[in-house]
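What follows is one structure encoded as structure tokens, with my remarks underneath.
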Amino acid sequence: MDSNKPARMRFAPSPTGRFHIGSARTALYTYLYARKTGGQFIIRIEDTDQKRFDPAAEDELFESLRWLGLAWDEGPDVGGPSGPYRQSERMAIYQRYASDLVESGHAYYCFCSPERLAEVRKLQQQRKEPPRYVGHCRRLNPAEAADRAAAGEKHVVRFRTSREGRTTAVDLLRGPIEVENSTIDDYILVKSSGMPVYHLAAMVDDHLMGITHVTRGSEWLPTFPLHVMIYEAFGWDQPVWVHLSVLLNPSGKGKLSKRDSSASGGGAHAIFTLDLRELGYLPEAVVNWVSLMGWSFDDHTEFFTMPDLIQAFSLEKLNPSPAAVNFSKLDHFNGLHIRNLAPEDLTKRLLPFFETAGIEISTADLEPVTPLIQKRIRTLDEAVDMAGFFFRPFTTPPVDELIGKGMTAAESAAAARRAAEVVRAHPALEHEPLENALRQLADELGLKAGQLFGILRGAVTGQRVSPPLIETMEILGIDVVLERIENAAKVLENR
RNA sequence: GCCCCCAUCGUCUAGGGGACCAGGACGUAGCCCUUUCAAGGCUAAGACGGGGGUUCGAAUCCCCCUGGGGGCACCA
């Protein structure tokens with residue numbers, strides 16, 4: 001397939017709920033291919049269901065896209081040549097195309113009530129028949145039906161599917177999908193409220209907006225032939241159809257849902273894009289991670305930045321089979337991308353997490369600390385646990401936390417006293433000389449380096465696990481370090 | 001129940017008839033490095049769902065079964 005012609009593509013969410021990683025993936029793939037081919041990435045809001053519309057969802061959607069770095073060329077906020085980009089503002093257009101279909105005989109007015117239809121459906125289910133419209137409105141005299149509709153009788157517009165023959169719909173990833181026309185229902189195209197449903201609105205918009213490649217979820221596969229029929233009824237050329245596989249829960253059982261998402265894969269995880277931001281994930285990592293769920297490049301490359309992805313991406317390598325999300329892999333990618341960041345950049349991104357933890361510090365405060373923790377954290381919020389002691393009021397830990405491994409309190413106290421002297425002798429806290437001197441001291445005391453360092457670590461950081469000791473001391477400064485060691489010695493002596 | 005899609009290690013995948021006693025990544029286990037924790041390096045365990053074909057030869061092609069997923073709305 002040629003990837004040279006600029007592709008005009010759209011991400012068309014319906015703002016009815018929170019923005020999850022499945023939507024993020026669809027948007028990403030759409031974005032990547034549009035960018036790769038030098039085409040356009042368009043946002044269209046599918047808000048024809050007034051009952052489910054949620055303005056907050058729309059805000060979150062844009063915020064998520066921005067956070068991920070998926071900039072759009074056309075959309076409801078920025079406009080563009082194919083506007084409006086909100087379906088609720090395109091009613092007249094759908095109205096017109098629906099009438100065209102009725103006039104050409106491809107659609108008809110149906111006056112059946114929802115209640116009647118529900119009854120029929122129930123009956124069909126009891127008889128184990130496929131639920132479908134069998135009503136007589138299909139056979140109504142078009143002129144009479146038009147009169148009734150014009151007179152204001154409540155009605156919907158239904159598509160008139162052929163009851164014979166077969167329809168072939170071609171999906172880029174799956175090839176031709178052939179179905180018996182008789183298995184396709186006479187779908188409602190326009191509701192009695194005058195609102196179009198997806199089947200009409202999306203087809204009309206994709207055509208009018210010049211969409212060349214349609215990317216959408218595989219939940220549309222069952223109605224895919226219907227969509228092809230609609231295109232044919234209008235006499236339009238079809239776009240390239242690409243149905244993306246669904247994302248499954250970590251267990252691999254069932255479509256990704258909020259319920260099971262935190263069950264496996266380690267720590268606290270979320271399926272909503274913005275929650276991931278809160279949990280300390282980098283957008284770079286989320287993009288990298290999500291890109292690999294259903295797509296691959298070759299047999300060894302997995303680390304990708306956005307520019308890499310744009311270059312490497314191709315629709316053909318998309319995988320039609322469902323993929324289970326793997327949160328531990330997100331952690332892995334997050335670690336990789338954290339390490340890939342320039343230290344100044346990481347510092348900037350870390351700051352908000354300290355603030356959330358109630359630690360008010362400046363860039364200058366954090367800057368020296370960042371290099372010490374960059375290799376040690378997998379999520380941004382871990383930085384607070386790891387390095388919060390640098391900025392929080394300090395209290396000397398209890399004796400038990402200060403005693404060296406396999407040592408008594410008295411021995412530990414003595415070692416701390418001697419270490420204090422060594423530190424005092426190195427007021428600049430230069431790494432090499434200080435470390436050597438401390439190692440020598442350990443030797444003299446008949447201790448392993450780890451035992452001595454352990455005592456000092458507890459004394460200086462108040463933690464069992466911390467960034468490297470000497471570097472930590474350098475940042476803390478000689479006075480603070482000596483004071484803490486002495487306090488620790490006192491605690492140990494008072495045992 | 002009906003329709004559609006999918007099927008390689010626990011998970012994400014490479015593989016598109018011989019280069020595969022199936023390669024990589026995450027996770028897991030062990031070792032090395034090491035002042036803790038990481039990072040890094042090395043090693044190990046771990047898969048072609050089953051049955052028929054086609055072929056000299058099948059993870060790769062076809063059929064059936066099984067399993068999984070999705071859909072059957074005046075929702076998208």
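Labels below follow one simple rule: chain letters A, B, ... track the order of the sequence lines, proteins then strands, and each chain is numbered from 1.
When the C1' atom is compared between U8(B) and A59(B), the two are found 7 Å apart, to the nearest whole Å. Distance check on atom P: C37(B) versus G69(B) gives 42 Å, rounded to whole Å. Nucleotides G10(B) and A22(B), compared at atom P, are 15 Å apart to the nearest Å. For G51(B) and G15(B), the P atoms lie 26 Å apart once the distance is rounded to whole Å. The P atoms of G49(B) and G68(B) are separated by 15 Å, rounded to the nearest whole Å. Straight-line distance between the P atoms of U60(B) and A14(B): roughly 15 Å, to the nearest whole Å. With P as the reference atom, C63(B) and U54(B) are 15 Å apart, rounded to whole Å. The gap from the C1' atom of G57(B) to that of C64(B) amounts to 23 Å, rounded to the nearest Å.
If you check A44(B) for Watson-Crick or wobble pairing at under 3.5 angstrom, you find it paired to U28(B). Judged by Watson-Crick or G-U wobble contacts below 3.5 Å, the nucleotide U55(B) has no partner. Nucleotide A22(B) forms no Watson-Crick or G-U wobble pair with any nucleotide shown, as no partner meets the under 3.5 Å limit on both distances. Within the shown strands, nothing qualifies as a pairing partner of A14(B) under the Watson-Crick or G-U definition with both distances less than 3.5 Å. The nucleotide C2(B) finds its pairing partner in G71(B), both defining distances of the Watson-Crick or G-U wobble pair being shorter than 3.5 Å. Nucleotide C37(B) forms a pair with no other nucleotide shown, judged by Watson-Crick or G-U wobble geometry with both contacts under 3.5 Å.
Computed from coordinates, the F224(A) CZ to C6(B) P distance equals 12 Å when rounded to whole Å. Note: CD1 (I470(A)) to P (U34(B)) measures 16 Å, nearest angstrom. Atom CD of Q451(A) is separated from atom P of U34(B) by 17 Å (rounded to the nearest Å). The CG atom of L318(A) sits 11 Å away from the P atom of A14(B) (whole-angstrom rounding). Distance CD (E435(A)) to P (U34(B)): 11 Å, rounded to an integer number of Å. Atom pair N249(A):CG and G10(B):P shows a separation of 19 Å (rounding to whole Å applied). Atom CZ in F389(A) sits about 12 Å away from atom C1' in C37(B), given to the nearest Å. Distance CD (E178(A)) to P (C5(B)): 10 Å, rounded to an integer number of Å.
Classification of the Y108(A)-Y133(A) ring pair by plane angle, with boundaries at 30° and 60°, yields tilted. Relative orientation of the F304(A) and F297(A) rings is perpendicular, given thresholds of 30° and 60° on the angle between their planes.
For a distance-only test at 3.5 Å, the side chain of R376(A) qualifies as a donor-acceptor partner of the base of C37(B).
Centroid-to-centroid, the aromatic rings of W241(A) and Y231(A) come within less than 6.0 Å.
A donor-acceptor distance shorter than 3.5 angstrom exists from the side chain of D54(A) to the backbone of A56(A), with no hydrogens or angles considered. Checking side-chain atoms of T223(A) against main-chain N and O of L226(A) turns up no donor-acceptor pair under 3.5 Å. No side-chain donor-acceptor contact under 3.5 Å links D185(A) to the backbone of Y187(A).
Out of U11(B), A7(B), U36(B), the shortest distance to the side chain of S321(A) is found at A7(B).
Among the heavy atoms of the strands, none lies under 4.0 Å from G217(A). At a threshold of 4.0 angstrom between heavy atoms, the contacts of D171(A) with the nucleic acid are absent. In this structure, I177(A) reaches the sugar-phosphate backbone alone: every heavy-atom distance under 4.0 Å involves primed, P, OP1 or OP2 atoms, never a base. Among the heavy atoms of the strands lying under 4.0 Å from P467(A) is at least one base atom, whether or not backbone atoms are also near.
Using a 4.5 Å heavy-atom threshold, the side chains of H227(A) and V214(A) count as separate. Proximity of L65(A) to F19(A): side-chain heavy atoms (C-beta onward) are separated by under 4.5 Å at one or more points.
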Quick one: what's the B/S/- string for nucleotides 69-76 of chain B, heavy-atom cutoff under 4.0 Å, read 5' to 3'?
-> SBSSSBBB
Protein-to-nucleotide contact annotation, 5' to 3' order, nucleotides 15-27 of chain B [B base; S sugar-phosphate only; - none; under 4.0 Å, heavy atom] | S-------BBBBS
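Within the structure, a side-chain polar atom (N or O) of R339(A) is placed less than 4.0 Å from OP1 or OP2 of G40(B).
Salt bridge present: D206(A) and R10(A) bring a charged side-chain N and a carboxylate O closer than 4.0 Å.
Projected onto RNA chain B by closest heavy-atom contact, A323(A) and L469(A) fall at different nucleotides, the more 5' of which corresponds to A323(A).
Scanning all heavy atoms of the two residues, the minimum distance from A459(A) to L402(A) falls at N-CD2, 3.5 Å.
Heavy atoms of other residues, nucleotides or ligands lying less than 6.0 angstrom from NZ of K191(A) number more than 12.
The cationic group of R44(A) does not satisfy the cation-pi geometry with F11(A), failing either the under 6.0 Å distance to the six-membered ring centre or the 45° limit from the ring axis.
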